[in-house]
**Q** 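Structure incoming, see below.
Start at 1 and go down the list; that is how both ligands and their atoms are numbered.
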Amino acid sequence: MSTTETETSPEDLAADVSVDVAVIGAGPIGLEVAAALRRAGQDTLNVDRGPIGSQIVDFPPATRWFSGPERIAIAGVPLETTSQEKATREEYLAYLRMVVRLLELPVRTFETVDSVDRSSEGFVLHTRTLAGLDRTIRARTLVLAVGGTASHRRLGIPGEDLPHVRNEVGDPHWGHGRRVLVVGGRNSAADSAIRLWRAGASVTISYRGTEVYPRIKYWIRPELIACIRSGLIEARFGTVPEEITPSGVRLREVDGGGTSFVPADDVLLQIGYAADGAIFESIGCRLEGDDRAVVHDPETMETSVPGVHVAGTAVAGTQGRFQVYIENSHVHADRIAAALTGAAPPPNPELPELPEA
Ligand SMILES: Cc1cc2nc3c(=O)[nH]c(=O)nc-3n(C[C@H](O)[C@H](O)[C@H](O)COP(=O)(O)OP(=O)(O)OC[C@H]3O[C@@H](n4cnc5c(N)ncnc54)[C@H](O)[C@@H]3O)c2cc1C
């Protein structure tokens with residue numbers, strides 16, 4: 001082990017551990033896998049480069065899930081909401097913290113897995129803490145529950161890296177008194193546009209589709225349509241950004257028509273995420289297709305590398321439209337636990353009608 005520190009404290013040395021199963025990722029499914037494995041008698045450790053549920057931390061405050069609480073509850077622990085409505089971001093994060101405490105799941109947060117080596121006993125994970133300490137985790141089996149939202153999709157146009165271009169809305173408070181161009185037409189873009197307008201922004205949406213996307217959350221869509229019809233939010237349908245400048249955005253009509261310039265103080269890109277397959281490839285796991293989905297055995301979730309399993313949204317690589325998400329990933333935990341203990345794989349669950357993220 002090497003560190004950039006001149007001294008390594010006893011706590012840091014003790015931080016190099018051996019476990020049966022290392023789970024990379026402490027999102028909902030990484031935690032659910034750990035819970036299933038511990039029930040099956042395995043010693044586990046989750047390691048995450050952020051806090052637990054870090055993807056959800058990035059949701060704007062008070063965002064409601066589109067799934068009912070019972071569908072995103074993990075490890076058999078009920079999720080109750082104060083309103084009996086769909087859970088908010090805050091309720092779900094509190095729930096995840098509670099699950100970790102209740103089930104006593106060992107988790108290391110703010111520790112990134114930089115690389116993985118093979119050893120005679122399995123795998124050695126080389127990690128780095130937020131403060132820059134290097135650590136190792138030895139494990140017989142590895143589960144990658146690393147999600148599919150490592151980075152934001154890019155438009156690939158001039159001006160995209162200017163400082164007033166954002167990918168996350170965060171707390172919409174910043175929009176007060178600003179002219180904001182929101183790019184995108186799905187749930188996140190629609191939700192952000194309405195919330196920014198309510199926070200006092202003057203909002204324009206640029207969306208390549210010719211009308212409001214039909215599969216937006218049923219409680220957001222009518223509101224967005226009403227805002228557009230009454231002129232509270234301006235919609236430029238059938239357009240894509242061509243260039244972002246410090247004073248606005250040049251939009252091009254997708255049907256081959258002309259261009260127009262929309263003055264904007266801020267540009268919010270809500271065009272989806274891209275997965276990072278690098279960690280899979282570094283271990284030798286096969287990825288396939290344009291989405292770079294992880295090749296795996298659907299009964300055991302084992303990848304093309306023996307001893308390396310995949311769980312959660314990571315399975316699907318980059319998802320243009322969420323097809324794999326929490327609701328239909330719960331079974332991954334039981335499949336991996338069954339595979340490791342030699343039990344029969346669980347039956348395929350009856351999948352609910354899949355809404356869209
Ligand atoms: C706006 C939005 C709304 C959504 N609504 C719903 C919904 O209503 N219902 C539903 O079922 N799903 C929904 N989803 C999808 C859901 O949030 C994700 O599917 C869920 O977070 C996936 O869980 P996961 O455990 O597979 O991955 P993630 O939650 O993405 O967790 C992966 C974790 O791995 C960590 N990680 C990655 N690489 C490393 C590394 N090298 N070292 C250490 N840690 C690493 C990351 O920090 C992250 O915490 C929504 C998604 C979005 C974006």
**Q** Of the side chain and backbone of A145, name the one, both, or neither that has a heavy atom under 4.0 Å from an atom of ligand 1.
**A** backbone

**Q** Short list, please: which atoms of ligand 1 are under 4.0 Å from a heavy atom of E327?
**A** 11 (O)

**Q** Run the numbers for me: atoms of ligand 1, each under 4.0 Å from some heavy atom of V146, listed by number.
**A** 32 (C), 34 (O), 37 (C), 38 (N)

**Q** With atoms numbered from 1 as shown, which atoms in ligand 1 lie under 4.0 angstrom from a non-hydrogen atom of G147?
**A** 27 (O), 30 (O), 32 (C)

**Q** Does D16 pair with R135 as a salt bridge, N-O distance under 4.0 Å?
**A** no

**Q** Would you find a donor on one side and an acceptor on the other, under 3.5 Å apart, between the side chain of E302 and the backbone of H296?
**A** no

**Q** Report the member of V324, T313, I74 with the shortest heavy-atom distance to atom 19 (O) of ligand 1.
**A** T313

**Q** Consider every N or O of I326 and every N or O of ligand 1, then say whether any pair is closer than 3.5 Å.
**A** yes

**Q** Which of the atoms in ligand 1, numbered in the order shown and given with their element, are less than 4.0 Å from a heavy-atom of V47?
**A** 43 (C), 44 (N)

**Q** Is there a donor-acceptor contact under 3.5 Å from the side chain of R250 to the main chain of T259?
**A** no

**Q** Ignoring hydrogens and angles, tell me if any N or O in the side chain of D20 forms a donor-acceptor pair with the backbone of Q42 under 3.5 Å.
**A** no

**Q** Run through the side-chain heavy atoms of Ile, Leu, Val, Met, Phe, Trp and Tyr, join any pair under 4.5 Å, and report what else lands in L130's cluster.
**A** F110

**Q** Could you name the option among W65, F110, Y92 that has the heavy atom nearest to atom 6 (C) of ligand 1?
**A** W65

**Q** Please compare G27, G53, A278 and report which has the shortest non-hydrogen distance to atom 31 (O) of ligand 1.
**A** G27

**Q** What atoms in ligand 1 come closer than 4.0 Å to a heavy atom of G25?
**A** 33 (C), 34 (O), 35 (C)

**Q** Report yes or no: does P28 have a heavy atom closer than 4.0 Å to ligand 1?
**A** yes

**Q** Ignoring hydrogens and geometry, is there a side-chain-to-backbone donor-acceptor pair from H164 to T245 under 3.5 Å?
**A** yes

**Q** So does G317 get a backbone contact from the side chain of R292, meaning a donor-acceptor N/O pair under 3.5 Å?
**A** no

**Q** Provide the number and element of each atom of ligand 1 under 4.0 Å from a heavy atom of G312.
**A** 26 (O)

**Q** Got W219 and K86 here, is their nearest side-chain heavy-atom distance under 4.5 Å?
**A** yes

**Q** For V113, take its heavy atoms, then give the atoms of ligand 1 lying under 4.0 Å from any of them.
**A** 40 (C), 41 (N), 42 (N), 43 (C)

**Q** Using only atom types and a distance under 3.5 Å, with no angle test, would you say the side chain of D114 pairs donor to acceptor with the backbone of H126?
**A** no

**Q** Indicate every side-chain donor-acceptor pair of residues 197-205 with a distance under 3.5 Å to a residue at least two apart or in another chain.
**A**
from	atom 1	to	atom 2	distance (Å)
R198	NH1	E223	OE2	3.2
R198	NH2	E223	OE2	2.4

**Q** Check E111 against ligand 1 and report side chain, backbone, both or neither, counting heavy atoms closer than 4.0 Å.
**A** backbone

**Q** Quick one: does G30 get a heavy atom under 4.0 Å from ligand 1?
**A** yes

**Q** Given R49, E32, Q55, which one has a non-hydrogen atom that is nearest to atom 38 (N) of ligand 1?
**A** R49

**Q** So if I count the atoms of ligand 1 from 1 in the order they appear, which ones are less than 4.0 Å from some heavy atom of I29?
**A** 25 (O), 26 (O)

